[in-house]
Amino acid sequence: MVLLQISEPGQSPEPHQRRRAVGIDLGTTNSLVATVRSGTPETLLDNEEQHLLPSVVHYDATGEVAVGRFAYARSSSDPLNTLVSVKRFMGRGVEDIKTLGSQLPYEMVASGSSDSNNASGMPYFKTVAGNISPVAASAEILRVLVERAELALDGALDGAVITVPAYFDEAQRQATKDAATLAGVKVLRLLNEPTAAAVAYGLDQGGEGVIAVYDLGGGTFDISILRLSHGVFEVLSTGGDSALGGDDFDRALAQWIAEQAGLNEDLGPYEQRQLLIEARKAKELLSEQVQVKISVAGWSGVLDRNQLNTLIDPLIDKTLRSCKRALRDAGLKSNDVANVVMVGGSTRTLRVREKVADEFGQEPLVNIDPDRVVAIGAAIQADVLVGNKPGDEMLLLDVIPLSLGIETMGGLMEKIIHRNTTIPVAKAQDFTTFKDGQTAMSIHVLQGERELISDCRSLARFELRGIPAMVAGAAKIRVSFQVDADGLLNVSAKELTSGIEAHIEVKPSYGLNDDDVTRMLKESYTHAREDMQLRALREQQVDADRMYEDLLAALNEDGRQLLNDDEYHCLEVALKDLDKIRQSENHREIARHIEMVSKTSEEFAARRMNASIQKALAGHSLDDVEKDV
Ligand code: ADP
Ligand code: MG
């Protein structure tokens, strides 16, 4: 994430014509909207003077939709029709949901009833108002925030910067954009939450050094290690857990309460929700006081900070392990960090602050409201992007978490954009055809660090058709990868001699969470040697294939003219042997056969060369040849 100063042509407004732009923190638990007024960023209040909008959507049988506190209030009496934490489902597929699903009080179905061509396997919430997608529910939340802003700013919005966790992948980012489109608001940019927090703290104005942004919200945890130098933020590494947050504190506490109260394990959705609400209330109170009284289902007892700490310590430790990993990725130690910025409602829990202070050996910064800091940073960025600050334009860039590439011969992953490359980025690489007369090429887009495609994640496939028939290796196919500022990938392939082109916007049907990313990275390290050997084997297999195809074609073309029967037969046998061995896993055997075939065919190759030179020379004088060279 580099903070660059670049101007966007055509973005400057007419003088005196301020545009209406907002920053939106679309949170798992709470959402906020902020804007810059008279040079000062502020979060906007609703008519009850509240800046937090609970990210909860309630549907009733008449089709009426409620968002926010009212919806939250319905969550215990009508849990099946009250959608909470929808952000966890954004851009996820049915398969991803199954792991999260067991704890969910509402029902999910694999596709919308009214939407029969939902082939992507997108999960829907089953409500009395019909099947609702996570994108549609998020759009309801955005709509309320946009309305609030349009009321406050007295007019239609020109655009919004919406924040997403650093670990949101392409599908999750795309789902967020889709929600904005559905809500009718123009997205100026999706911005990583920790980056927004750094901007809110004005750290670009401050001294140089390494900054850690620790963001523990209701549903997600993000750690970002940034370096500020010459007024530019560079993200050295990111890490976290897209399924860990204050909600998990609540669940741990709810379970403890249930045990204390002797409540049955399999509570109904209503009781479950009630218990979670009580747990959360108690947890939040413990940030202010040393103990709280809890009463549920006829049981009452006392919970103190020590007990809470015991319950949540393992969860906090998990976040600290992510911090260690992120530091290691950045090649740093905790004492290299100059500042630790705290973001997210859960950093109000004192135990979190304590343990983070221990980990980094310093008190973290908590002076900006951890709820509002992200929305404020987004508002500052929106103000710039919409063109309200000509001459002071800056663009925040992010990095991609996993390498992107395509499948090449032998089932290998060829990386085109490496992980931790800052975006936006465009990279191209040239490939060629493998067979004579090949007129189509299949492009398989992958994400991951491993050498073999079976160990990487498949993102998309498409075909380039209509390549003019040429000999193998003559076509020049340029594959271009473009990742835009929002992290969305566009892949195109173009045959350069003919100009034919094909492209695809990659929108995978479901995403990776950060655990997957961590696992894939870890595997790439632990399997590095094995992968190298496998790559060598695959490359050898490809060489053998190429040799087989070439020789077969040559034999068919002029073997009979240039070879006597014995020679021809000899080569034919060698070729058959090669064919038998070329897909084997025996690296040495393949090498031996390649060697053998190349020896056996040496004479044939020489004769072919002579024949083709004679053909080329026929009818030309020596002068012509020299001129051509
Ligand atoms: P998100 O970004 O996921 O929407 P937030 O940053 O709004 O989340 O944080 C919500 C979480 O913060 C919830 O788990 C909530 O219980 C917790 N939280 C809010 N206030 C407090 C508090 N005073 N003490 C402890 N936790 C709190
Ligand atoms: Mg948040």
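Remember, it's 1-based here, ligands and their atoms both numbered in the order they're listed. On a predicted model such as this, the values are computed, not experimentally measured, just so you know.
Tyr214 and Phe221 have their aromatic ring centers within a separation under 6.0 angstrom. For Tyr59 and Phe125, the gap between ring centers reaches or exceeds 6.0 Å.
Taken to the nearest 0.5 Å, the CZ atom of Arg189 stands 14.0 Å off from the OG1 atom of Thr163.
Near Gly219, with a cut-off below 4.0 Å to any heavy atom, the atoms of ligand 1 are 3 (O). Taking every heavy atom of Arg348 and a limit of under 4.0 angstrom, the matching atoms of ligand 1 come to 19 (C), 20 (N), 22 (C), 23 (N), 24 (N). If you number the atoms of ligand 1 from 1 as listed, the ones under 4.0 Å from a heavy atom of Gly246 come out as 14 (O). Interface of Thr29 with ligand 1, defined as ligand atoms under 4.0 Å from a residue heavy atom, comprises 1 (P), 3 (O), 4 (O), 8 (O), 10 (C). Atoms of ligand 1 found under 4.0 Å from any heavy atom of Gly344 (numbered from 1 in listed order, with element): 6 (O). Against a heavy-atom cut-off of under 4.0 Å, Ser287 is close to the following atoms of ligand 1: 22 (C), 23 (N), 24 (N), 25 (C). Close contacts between ligand 1 and Thr349 involve ligand atoms 25 (C), 26 (N) [criterion: under 4.0 Å to a heavy atom].
Considering backbone and side-chain atoms alike, Lys283 places an N or O below 3.5 Å from some N or O of ligand 1. Geometrically, ligand 1 and Gly27 share no nitrogen or oxygen pair separated by less than 3.5 Å. Of the polar atoms of Leu216, none of the N or O atoms is found under 3.5 Å from an N or O of ligand 1, judged by distance alone.
Under the 4.0 Å criterion applied to side-chain N and carboxylate O atoms, Arg348 and Asp369 are assigned as salt-bridge partners. Taking 4.0 Å as the cut-off between side-chain N and carboxylate O, Glu288 and Arg305 do not count as a salt-bridged pair. A salt bridge is absent between Lys318 and Asp248; no separation between the charged side-chain nitrogens and carboxylate oxygens falls under 4.0 Å.
Judged purely by distance below 3.5 Å, without hydrogens or angles, the side chains of Ser55 and Ser31 pair a donor atom with an acceptor atom.
Using 4.0 Å as the threshold, Gly245 has no heavy atom nearer than that to any atom of ligand 1.
The nearest non-hydrogen atom to atom 7 (O) of ligand 1, considering only Asn30, Asp222, Thr28, comes from Asn30.
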Quick one: do Asp78 and His58 satisfy side chain to side chain donor-acceptor pair (under 3.5 Å)? Show the steps, please.
-> CA-CA 9 Å; Asp78 190 18; His58 177 263; 2.8 Å; yes
Derivation and outcome, side-chain contact (heavy atoms from CB on, under 4.5 Å), residues Leu157 and Glu150 | CA-CA 6 Å; Leu157 292 187; Glu150 292 187 336; 3.7 Å; yes
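Residue contacts with ligand 1, taken as heavy atom pairs separated by less than 4.0 Å, involve Arg280 solely via side-chain atoms from C-beta onward. In Ser346, the parts holding a heavy atom less than 4.0 Å from any atom of ligand 1 are both the side chain and the backbone.
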